[in-house]
Amino acid sequence: MTQRWSGVFPAVTTKFNADESLDLAATAHHIRWQLDCGADGIIVCGSLGEASTLTADEKLAILQTAKEVAGDKPVLLTVAEDSTRAACALAAAAHAQGADGIMLLPAMRYVSDERETLNHYRCVADASPLPVMIYNNPVAYGVNITPDMYRALAAEPKFVAIKESSGDIRTLTDVINAVGDRYAIFCGVDDLALESLLMGADGWVAGLVVAFPKETVAIYRLARAGRWSEARTLYRWFAPLLHLDVSMKLVQNLKLCEARVGVGTEHVRAPRLPLAGAERERVLAVIEERLSTRPTLPLV
């Protein structure tokens, strides 16, 4: 790495046609728009990107598409596989495909203990020269990477960043107290982003950015400039939308947001289905109410 990662890194959705095939043209268009609106990097094929429904070849095709439009902005491929062997293979393929880094999760399905989790991360780091963002999301995946585990991993220079998604803002301070500034720390929970930036996060792996990039970037830049009052005002307007990211149906929620603002469709890959009935109306009401009060953004 030539530069420490920081800023807003959209975890972009995967664009599908109506028949569930990849829509790579729409993917390229959307990523270009995110970067034009101020995103500092791109993460593809994460939870929001419906990684569990994608083949390895599809993930690499999406990565290639992102790299073709990203210019000098870093593109990270999410590695969230069922086995360490498969994760190592995908990490190596990501390097060959030109990724700038990987965002690495513990192995899926099996809930590993501390020794197994550390071994998984070290093995995948050994499989590729790419820098690694360690993704901690115990709420969704059952494995908690503790501050002591970050300390244990600190000797491997490829581990350069953390996506902190425990949902407990106290964790960020505990991590910093344990390892100082060894890692760049990114908030991975949309409705804890401003709190995390206040407590020392370097960046935001964002979700609602896929439909509201200018607002997301503005909050980050206001916070970095110490303009906390303006950041709070914008964040409070954004909060009902940000809550849509903290849901089992985050993919459907955010794709409805994209469709409503004209930058995507509601196409998802089964077993997911688009929102319907009262559930869809409830989410749409949140979107409409926020759009009706959408603020003018401050210059920053």
Side-chain angles (χ1 to χ4, degrees), residues 1 4-6 9 11 41 43 46-48 51-52 76-88 90-91 101-128 130-207 242 245-248 250:
M1 290 185 69
R4 183 180 174 99
W5 290 331
S6 64
F9 280 44
I43 299 177
S47 304
L48 185 56
S52 63
L76 280 61
L77 176 67
T78 305
V79 175
E81 309 307 304
D82 288 343
S83 70
T84 301
R85 179 187 293 267
C88 289
L90 185 59
I102 61 172
M103 184 172 73
L104 178 59
L105 281 80
M108 298 290 98
R109 300 174 189 264
Y110 177 69
V111 179
S112 54
D113 66 19
E114 179 173 327
R115 181 172 64 95
E116 292 167 326
T117 302
L118 292 173
N119 181 69
H120 175 80
Y121 273 86
R122 288 168 174 147
C123 286
V124 178
D126 286 344
S128 154
L130 293 174
V132 177
M133 178 183 287
I134 301 168
Y135 183 5
N136 184 42
N137 190 338
V139 177
Y141 301 112
V143 176
N144 186 37
I145 304 172
T146 66
D148 284 341
M149 293 168 73
Y150 290 127
R151 188 185 288 116
L153 293 170
E156 170 51 71
K158 293 174 192 170
F159 296 124
V160 300
I162 296 167
K163 179 185 175 184
E164 165 48 37
S165 298
S166 70
D168 186 345
I169 191 62
R170 293 170 295 189
T171 301
L172 196 148
T173 296
D174 290 342
V175 170
I176 292 173
N177 282 343
V179 295
D181 63 355
R182 165 63 182 78
Y183 304 95
I185 301 178
F186 284 69
C187 174
V189 180
D190 264 4
D191 57 4
L192 281 176
L194 187 59
E195 294 87 342
S196 298
L197 292 168
L198 175 63
M199 298 311 298
D202 300 279
W204 180 359
V205 176
L242 298 176
D245 185 60
V246 189
S247 166
M248 291 294 291
L250 78 160

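- Annotation: salt bridge (charged side-chain N to carboxylate O under 4.0 Å, His left out) contacts of Arg151 (sequence neighbours excluded): Asp148.
- Contact between Ala86 and Ser83 at its shortest, heavy atoms only, is N-OG, 3.0 Å.
- Of the inter-residue distances, the one linking Leu105 atom CG with Ile134 atom CD1 reads 11.0 Å to the nearest 0.5 angstrom.
- Checked against side chain to side chain contact (heavy atoms under 4.5 Å, CB included), Ala206 has the following partners two or more places apart in sequence or in another chain: Val8, Asp190, Trp204, Val209, Thr216.
- In terms of the salt bridge (charged side-chain N to carboxylate O under 4.0 Å, His left out) criterion, residue partners of Asp82 (sequence neighbours excluded) are, by chain and number, Arg109.
- Closest approach of Asp202 to Ser6, counting heavy atoms only: O-CB, 3.5 Å.
- Surrounding CE of Met199 are at most 12 heavy atoms belonging to other residues, nucleotides or ligands under 6.0 Å away.
- Every side chain to side chain contact (heavy atoms under 4.5 Å, CB included) that Ser52 has, sequence neighbours left out, goes to Arg272.
- Within the model, atoms CG of Leu118 and CD of Glu114 stand 5.5 Å from one another, a figure rounded to the nearest 0.5 Å.
- Every residue meeting the side-chain hydrogen bond (donor to acceptor under 3.5 Å, both in side chains) condition with Ser112, not counting sequence neighbours, appears here in chain and number order: Thr117.
- Applying the salt bridge (charged side-chain N to carboxylate O under 4.0 Å, His left out) rule to Glu164 yields no partners; only residues at least two apart in sequence or on another chain are considered.
- The structure places CG of Leu104 at 11.0 Å from CG of Leu130, a figure rounded to the nearest 0.5 Å.
- How far CG of Asn136 is from NZ of Lys163: 10.5 Å, rounded to the nearest 0.5 Å.
- Nearest heavy-atom pair across Pro147 and Ala178 is CB-CB, 3.7 Å.
- Residues Asn137 and Ser165 come closest through the heavy atom pair OD1-O, 3.6 Å.
- Residues that satisfy the side-chain hydrogen bond (donor to acceptor under 3.5 Å, both in side chains) test with Glu156, not counting sequence neighbours, are absent from this structure.
- Screening residues 130-170 for ring pair (Phe, Tyr, Trp, His ring centres under 6.0 Å), with sequence neighbours left out, gives Tyr150-Tyr183.
- Evaluation of the salt bridge (charged side-chain N to carboxylate O under 4.0 Å, His left out) rule for Asp191 yields no partner, not counting sequence neighbours.
- Of all non-hydrogen atoms in Cys187 and Ala193, the two that sit nearest each other are SG-CA, 3.6 Å.
- Under the 4.5 Å side-chain criterion, counting only non-hydrogen atoms from C-beta, Val179 is in contact with Val175.
- Residues forming a side chain to side chain contact (heavy atoms under 4.5 Å, CB included) with Asp168 (at least two apart in sequence, or on another chain): Ser166, Arg170, Thr171.
- Under the ring pair (Phe, Tyr, Trp, His ring centres under 6.0 Å) criterion, Phe186 pairs with Phe9, sequence neighbours left out.
- For the pair Lys158 (side chain) and Ser128 (backbone), a donor-acceptor distance under 3.5 Å is present.
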Quiz item: Hey, mind stepping through Leu194 and Leu198 against side-chain contact (heavy atoms from CB on, under 4.5 Å) and telling me if it holds?
Solution: CA-CA 6 Å; Leu194 187 59; Leu198 175 63; 5.8 Å; no
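- Contacts of Asp113 classified as side chain to side chain contact (heavy atoms under 4.5 Å, CB included), with partners at least two apart in sequence or in another chain: Arg115, Glu116.
- The side-chain heavy atoms of Leu250 and Val246, taken from C-beta on, include no pair separated by under 4.5 Å.
- Under the 4.5 Å side-chain criterion, counting only non-hydrogen atoms from C-beta, Met149 is not in contact with Val143.
- Remark: Ile145 CD1 to Leu153 CG distance equals 7.5 Å, nearest 0.5 Å.
- Rounded to the nearest 0.5 Å, atoms NE2 (His120) and SG (Cys88) are 7.5 Å apart.
- Looking at heavy atoms from C-beta onward, Val124 lies in side-chain contact with Ile102 at the 4.5 angstrom threshold.
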